[in-house]
Amino acid sequence: MTRNGPPLVAVAHGSNDPRAAATVEELLTEVRLRRPGLQVVTSYLDHAPPTPVTVLDGLAVAGAGQAVVLPLLLTAAYHSKIDIPGVLSKVTSLHPGFRLRTAGTLGPHPSLTRALERRLAESGVEIGDPSTAVVLVSAGSSDPSANAVIESMARTWSARGWWAVRPAYASAARPAPAEAVRSLYESGAPRVVVASYFLAPGYFADQVRTESVAAGATAVSPVLGAAPELADVILERYAEALRPTHATAV
């Protein structure tokens, strides 16, 4: 640990799409600009190097002493509940004296709604327009609690003045985005737009855009990407992980 704090090891999902890694790096560059001197290292659970085990092993060998592992995930589901603890267990078995702290997932957090609004506004959508219904689309999960978070976000966001806000899922749960768009029009919504609750571009984000536009959505926001709100949340989660009351992972 340096005077700037222990290294922050960001753990992203990973993708075969090179745009995803480029977007993650753009986001973490924003984090580094906010905290000069803090070592921020990228890792990926799948599809792209380096792995979290490789990164953490290197830090331990270099004498870091401890690190904060921060999931770049928008909801807590399989990856944060199973995959990342498995990584930490493996690293601890290799380096018993290496202290690891885990930060919370990025969402839910009020700043993520503000980031969604930023992206919608960039797409020409008037925020809180009472004649506009929003479909809030996430990747979807087999974990019902993760999908429940999206449902809760939609309910809270609807109070901002929209005609309505409905959740939808790109996989593993229903409704699909196109189904939600059509359902809102059938319910009388004058206009339907789609808010993309994805960290980085890739297969799901592309599929959601294509199918939503085909179903009649008048706008589909870009992914959250390097929105400044996300950079702020990352540093907030990092600070939370360092609090004395925060439980260490191992």
Side-chain angles (χ1 to χ4, degrees), residues 13 15 17 19-20 23 27 73-77 105-230 232-233:
H13 181 277
S15 171
D17 190 324
R19 295 175 299 167
T23 300
L27 172 59
L73 304 170
L74 296 175
T75 55
T105 56
L106 300 183
H109 192 289
S111 290
L112 298 186
T113 301
R114 291 193 287 272
L116 286 166
E117 291 181 345
R118 173 187 294 274
R119 295 302 187 225
L120 281 173
E122 291 169 354
S123 302
V125 178
E126 180 184 347
I127 302 307
D129 178 10
S131 65
T132 298
V134 180
V135 177
L136 173 61
V137 182
S138 75
S141 174
S142 58
D143 184 337
S145 65
N147 299 329
V149 168
I150 306 304
E151 294 168 11
S152 177
M153 286 179 62
R155 286 193 300 271
T156 301
W157 200 13
S158 65
R160 292 275 284 160
W162 303 103
W163 193 89
V165 180
R166 299 286 185 268
Y169 310 94
S171 67
R174 304 293 288 273
E179 292 174 332
V181 170
R182 288 192 291 266
S183 175
L184 282 164
Y185 278 127
E186 290 167 0
S187 297
R191 181 186 191 212
V192 180
V193 301
V194 172
S196 301
Y197 192 58
F198 301 105
L199 180 67
Y203 174 79
F204 281 154
D206 290 347
Q207 173 185 274
V208 166
R209 175 173 293 278
T210 299
E211 295 180 359
S212 298
V213 169
T218 59
V220 179
S221 68
V223 299
L224 298 175
E229 293 85 357
L230 264 71
D232 292 337
V233 171

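Here the structure is a predicted model, which means the values were calculated and not measured.
Applying the ring pair (Phe, Tyr, Trp, His ring centres under 6.0 Å) test to pairs two or more places apart or on separate chains, none has a residue in residues 109-148. Applying the salt bridge (charged side-chain N to carboxylate O under 4.0 Å, His left out) rule to pairs touching residues 127-137 yields nothing, sequence neighbours excluded. Annotation: salt bridge (charged side-chain N to carboxylate O under 4.0 Å, His left out) contacts involving residues 167-189, sequence neighbours excluded, comprise Arg174-Glu179. Sequence neighbours left out, not one pair with a member in residues 168-212 passes ring pair (Phe, Tyr, Trp, His ring centres under 6.0 Å). Legend: salt bridge (charged side-chain N to carboxylate O under 4.0 Å, His left out) pairs involving residues 193-214, not counting sequence neighbours, sorted by first then second residue: Arg19-Asp206. Pairs passing the ring pair (Phe, Tyr, Trp, His ring centres under 6.0 Å) check and including a residue from residues 128-152, sequence neighbours excluded, do not occur.
Residues forming a side chain to side chain donor-acceptor pair (under 3.5 Å) with Arg114 (at least two apart in sequence, or on another chain): Ser111. For Pro190, the side chain to side chain contact (heavy atoms under 4.5 Å, CB included) criterion is met by Ser131, Trp163, not counting sequence neighbours. Applying the side chain to side chain donor-acceptor pair (under 3.5 Å) rule to Glu126 yields no partners; only residues at least two apart in sequence or on another chain are considered. Qualifying side chain to side chain donor-acceptor pair (under 3.5 Å) partners for Thr218, counting only residues two or more places apart in sequence or in other chains: Arg191. Partners of Trp157 under the side chain to side chain donor-acceptor pair (under 3.5 Å) rule, at least two apart in sequence or in another chain, are Glu117. Not counting sequence neighbours, the partners of Ser221 by the side chain to side chain contact (heavy atoms under 4.5 Å, CB included) test are Arg119, Leu120, Ser123, Ala195, Ser196.
Closest heavy-atom contact between Pro167 and Ile150: CB-CG2, 4.0 Å. Val135 and Ala168 get closest at one heavy-atom pair: CG1-CB, 3.5 Å. Residue Ala219 comes nearest to Val125 through the heavy atom pair CB-CG2, 3.9 Å, listed as atom of the first residue, atom of the second, then distance. The shortest heavy-atom contact between Val165 and Ala154 is CB-O, 3.5 Å. The nearest pair of heavy atoms linking Val137 to Pro177 is CG1-CG, 3.6 Å. Nearest heavy-atom pair across Pro108 and Val149 is CB-CG1, 3.9 Å.
To the nearest 0.5 Å, atoms CG (Leu224) and OG1 (Thr23) are separated by 11.0 Å. Between Arg160 atom CZ and Ile127 atom CD1 the span is 7.5 Å, to the nearest 0.5 Å. Taking OG of Ser158 as the reference point, atom CG of Leu136 lies at 11.0 Å (rounded to 0.5 Å). The CG atom of Leu106 sits 7.0 Å away from atom CG of Leu199, with the distance rounded to the nearest 0.5 Å. Note that OG1 of Thr105 and CG of Leu74 are 8.0 Å apart. Values are rounded to the nearest 0.5 Å.
Between Ser15 and Asp17, the side chains place no donor N or O within less than 3.5 Å of an acceptor N or O (distance only, hydrogens not considered).
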